[in-house]
Structure formats: C-alpha cells, structure tokens
**Q** 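Sharing a structure below in structure tokens format, with a few things to ask.
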Protein chains: 2
Amino acid sequence: MQTRPRPYHHGDLRAALLARAEDTLREKGPAALSLRELARDLGVSHAAPSRHFKDKQALLDALALTGFERLSTTLAASQETAGDSFADRLGALARSYVGFATANAELLDLMFSIKHDPAASEALVQASQGMSVLATDLIAEGRRTGEVRDAPLDAIAIPMFSTLHGFASLAVSSTLPPGALDANLDDVIAHTLRGCAPDHPTPH
Amino acid sequence: MQTRPRPYHHGDLRAALLARAEDTLREKGPAALSLRELARDLGVSHAAPSRHFKDKQALLDALALTGFERLSTTLAASQETAGDSFADRLGALARSYVGFATANAELLDLMFSIKHDPAASEALVQASQGMSVLATDLIAEGRRTGEVRDAPLDAIAIPMFSTLHGFASLAVSSTLPPGALDANLDDVIAHTLRGCAPDHPTPH
DNA sequence: ACCTGAACACCGTTCAAGT
DNA sequence: ACCTGAACACCGTTCAAGT
C-alpha cells in the first residue's frame, strides 16, 4: 500500500514540525496540538521531536517566534508601499497589523499568551520588542514633519501600540460588534490620529 | 491520620472546582490545569467533575464567565467612587481595568482566548459585551457635558476600549518596558483623552 | 547526528454500578 | 441527585539501543 518506509525523516524535521504545528493550530486550535500527533503526521516516531525541541513549550516558543518574525516583516512591508504622510503610514501599519491578526488568529493568541519575561528566550523578547521599533520610527518622523505633537516617544508609542494591539486582539476573540470590522478600524485610526495631533494643528 | 473519609463531597462541588481551578491557573498556569488533579485536590473521584461540567472546556468557559462578572463589578465600582469629570471617570475606569488585569493575568488571558462566537454560551457573550456598556455610558455622559467630541458612540467607544484592553493585555504579557507601568498608564489615559476631546475645547 | 521502541506516569471521557 | 471505580484511548517525557 505504501512505498517502503524510509528509516529516517528526509529533510528538516524541525521546520516540518513547526509548519505542521501551525496548520494544526489554525485548523483545530491550541488544545488539539500534540507532539505525538505531529510526529505521526510527519511519519516519524513520537520521540523524534525531542531531538529538536526539548519539550512542548519549546516548540510553542519557537512557533511564536516565527510568528513575530513574520509579523515584523509584514509591518515593515506595509511601510514600503505607504504614502508619505503620517496619516497614510499609520493607516497602513494599522491595516497591516489587523490583517495579520485576523489571518492568523490562533497564532497571534499564542504569541501573546507566552510570558515575555527576561526568563523567556532572548530571541522571543527581542522579536516582540522589534515590533514597537517600527511604531517608534513612525512617530519620530511624524514629529519632525509636525504631524505629531511634541512629547516623549513612549508617551505616544505605547498608547498607539496598545490601541492597535487591543483592536486586533478584540477582533480575534470576536468581542467586537460583528460585520463592521473595516469601519471600526477606520474609527480606530481616526481616533489615534487625534491622540497624536499637535495642540494647534497647522492650518493648511 | 485523617478523619473518616466522607463518601460525598460536602458542599457545592461546582463552586469548589471553579475556585480551585482559578488558584491553579494563577499559581501554575493554564497548561497545568487538569480535571483529575482538581478532583484529587478536593477529595472526590476523577469522574465527579463531569456531573457539573460536561468537559474540560465547559469548566474553562464557566471560569471565564466568573472572570467577566467580577471584572464588570470591579469596573462599575470604580465609577461609584470617581469624580464627576469625564477625565476622572475615564482615569478610574482605566486604572480599574489594568488593576484587574495585573492582579488576574492568567484569568484575563483565559477570558479573551475563548472565542466569543454566537456559538459560545450566550451568558459568556453577554458578559463580555456588558463591559463595553460601561464605556458607552461614560462617553454618552461626556458628550452631554461637552467633554467628548460629537461622534457616533461606537466611533469613540471601540477605539477607547481597544486602547484600554490593549494596554492591559500588553502589560499582562510583559511586552511593555518594565517598571514604568503607572507612568505608561498615565500616558495612555492622556492620549485617550486627546482622542476624545472636541475640536474646539471650551476655554475654562 | 538523528531516530526508534519500550516504559512510565500522567491525561480526558465514558459508563455501569453504588448510595 | 450525586458520586465511585474500572476501562479506554490518548498524552509528554525519558532513555537505552540502533543506524
């Protein structure tokens, strides 16, 4: 029925485990993720994963890390194609973040349900902080052009990132009124722009 | 060593299971939560919990529900003791929300990692929406007094709740710069007030 | 280096049976 | 009504052994 079973997994078992884990996460949720089933799906013994991940949590951490890396790439790409104004760039960032969140709901949940303690892997901590770097750059530039009020970077970056992340997180958990996600996102962007605006906006 | 074992659990096993589950969640995290261990801790057989929760997910849902109920109560209480101005009431709401989040980090994670689909228990959906009712009331009053700009309620309520929830969620996952949580929260409140403010603020 | 197979101590869930 | 005890099909983790 089957070609003679190969004794060993052919290629990169580590990468195969991560890819398969993400599929399972997406399709059946985090509770259904089992190392033994992953191994079965890939045709290796149930003990094989331990060569690449010391335990289940290590696999989950690695999965979250790939999530942060892809999110960072996605957000950075949104800035390449965005216009020059602060409003355009913020809108692109927000839509990009929410797009990733809705397309990878379970993964986003996993990414932020992991404690980002100093105890966590350094790579993970760094990856999750790397995201806010983008927001900070955006704000710094907006301040130079006078589109953003003069205040310490964190005093704007943290509220802004909180809003973005909060909206994405509520959307993912279906806690928002259904159906009007795009309109709600427009409101969120407009509200954030108001929060960032200088006291006496330059008359055009 | 022990008093003669009672054949049945004395009181309300359902409530005892929920209370013990919350303790375990807080002390050892969600991965360590097992029905069998709960049952052992309470001195009943491992099959006893199934009389009260049809499966593990049902217990988690019920736990999330108690979380939403307590959060709602906490938020409502914050409004009782707050001042009359919109700024005061918003500040009280925000501090109350973040206080609950940091004091119940794992529970908050659980509350929002449950899909609030129409498929979810009606009580759960209702409880999670009941929260935003408070925010909506706050905004409606702020608009009457001229402290909040004239816009559809949702156009302010959703961004505001996103910000609050996002900040709480980032704080819980240790994704914020450590140590300055109170100062960061002040920034978040100030930023939100700016987002809510009318275009031409009334001169005092 | 990478994987297997057996072993161990756990799970969640179900169900006949007890009180 | 509420709980027990046994049974079943799963887990994660470890470790000697194979190639």
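Below, each value reflects all heavy atoms present in this structure, side chains not excepted, and no hydrogens, waters or symmetry copies. Sequence lines set the chain letters: A, B, ... in the order given, protein chains first and strands last, and positions in each chain run from 1.
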**Q** Please report, rounded to the nearest Å, how far the P atom of C/dC2 is from the CZ atom of A/R14.
**A** 12 Å
**Q** Taking all atoms of both residues into account, what is the closest heavy-atom pair of B/S72 and B/M131, and its distance?
**A** OG-CG, 3.8 Å
**Q** Any heavy-atom pair between the side chains of A/L38 and A/L59 that's under 4.5 Å?
**A** yes
**Q** Can you tell me how far P of D/dT13 sits from NZ of A/K54, to the nearest Å?
**A** 8 Å
**Q** Under 3.5 Å, is there an N or O donor on one side and an acceptor on the other linking the side chain of A/R51 and the base of C/dT4?
**A** no
**Q** Specify the separation, in whole Å, of atom CG of A/L13 and atom C1' of C/dC3.
**A** 9 Å
**Q** Sequence neighbours excluded, which residues qualify as side-chain contact (heavy atoms from CB on, under 4.5 Å) partners of A/P30?
**A** A/L25
**Q** Between C/dC2 atom C1' and A/L17 atom CG, what is the distance in whole Å?
**A** 13 Å
**Q** How close or far is atom P of C/dC11 from atom CG of B/L38, stated in whole angstroms?
**A** 10 Å
**Q** Could you check whether any side-chain heavy atom of B/R51 comes within less than 4.5 Å of a side-chain heavy atom of B/L13, counting everything from C-beta outward?
**A** no
**Q** Check every strand shown and say whether B/H52 touches a base, only sugar-phosphate, or nothing at a heavy-atom separation below 4.0 Å.
**A** sugar-phosphate
**Q** Quick one: on DNA chain D, does A/A47 or A/E37 contact a more 5' nucleotide (nearest heavy atom)?
**A** A/E37
**Q** Nearest-Å distance, NZ (A/K56) to C1' (C/dC11)?
**A** 11 Å
**Q** Side chains of A/L60 and A/L33, heavy atoms from C-beta outward: is any pair under 4.5 Å?
**A** yes
**Q** Rounded to whole angstroms, how far apart are CG on A/D12 and C1' on C/dC2?
**A** 12 Å
**Q** Could you work out which one of D/dG12, C/dG12, D/dT4 sits closest to the side chain of B/R36?
**A** C/dG12
**Q** Which ranges of DNA chain D pair up as stems, where a stem means three or more consecutive Watson-Crick or G-U pairs with both distances under 3.5 Å?
**A** C:4-8 with D:12-16, C:12-16 with D:4-8
**Q** Rounded to whole angstrom units, what separation is found between the CG atom of B/D55 and the P atom of D/dC10?
**A** 17 Å
**Q** Considering only D/dA6, C/dG5, D/dT4, which nucleotide approaches the side chain of B/V44 most closely?
**A** D/dT4
**Q** Return the minimal non-hydrogen interatomic distance between A/V188 and B/P159, and the atom names on each side.
**A** CA-CG, 3.8 Å
**Q** Under 4.0 Å, counting only non-hydrogen atoms across every strand here, what does B/R40 touch: a base, just sugar-phosphate, or nothing?
**A** sugar-phosphate
**Q** Mind checking B/S34 for me? I need base, sugar-phosphate or nothing, with any heavy atom below 4.0 Å counting as a touch.
**A** sugar-phosphate
**Q** Which of these nucleotides, C/dT4, C/dG12, D/dA6, is closest to any side-chain atom of B/H46?
**A** D/dA6
**Q** Name the atoms and distances for all side-chain donor-acceptor pairs under 3.5 Å in residues 83-90 of chain B, with sequence neighbours left out.
**A**
from  : atom 1 : to    : atom 2 : distance (Å)
B/S85 : OG     : B/D88 : N      : 3.1
B/R89 : NH1    : B/G83 : O      : 3.2

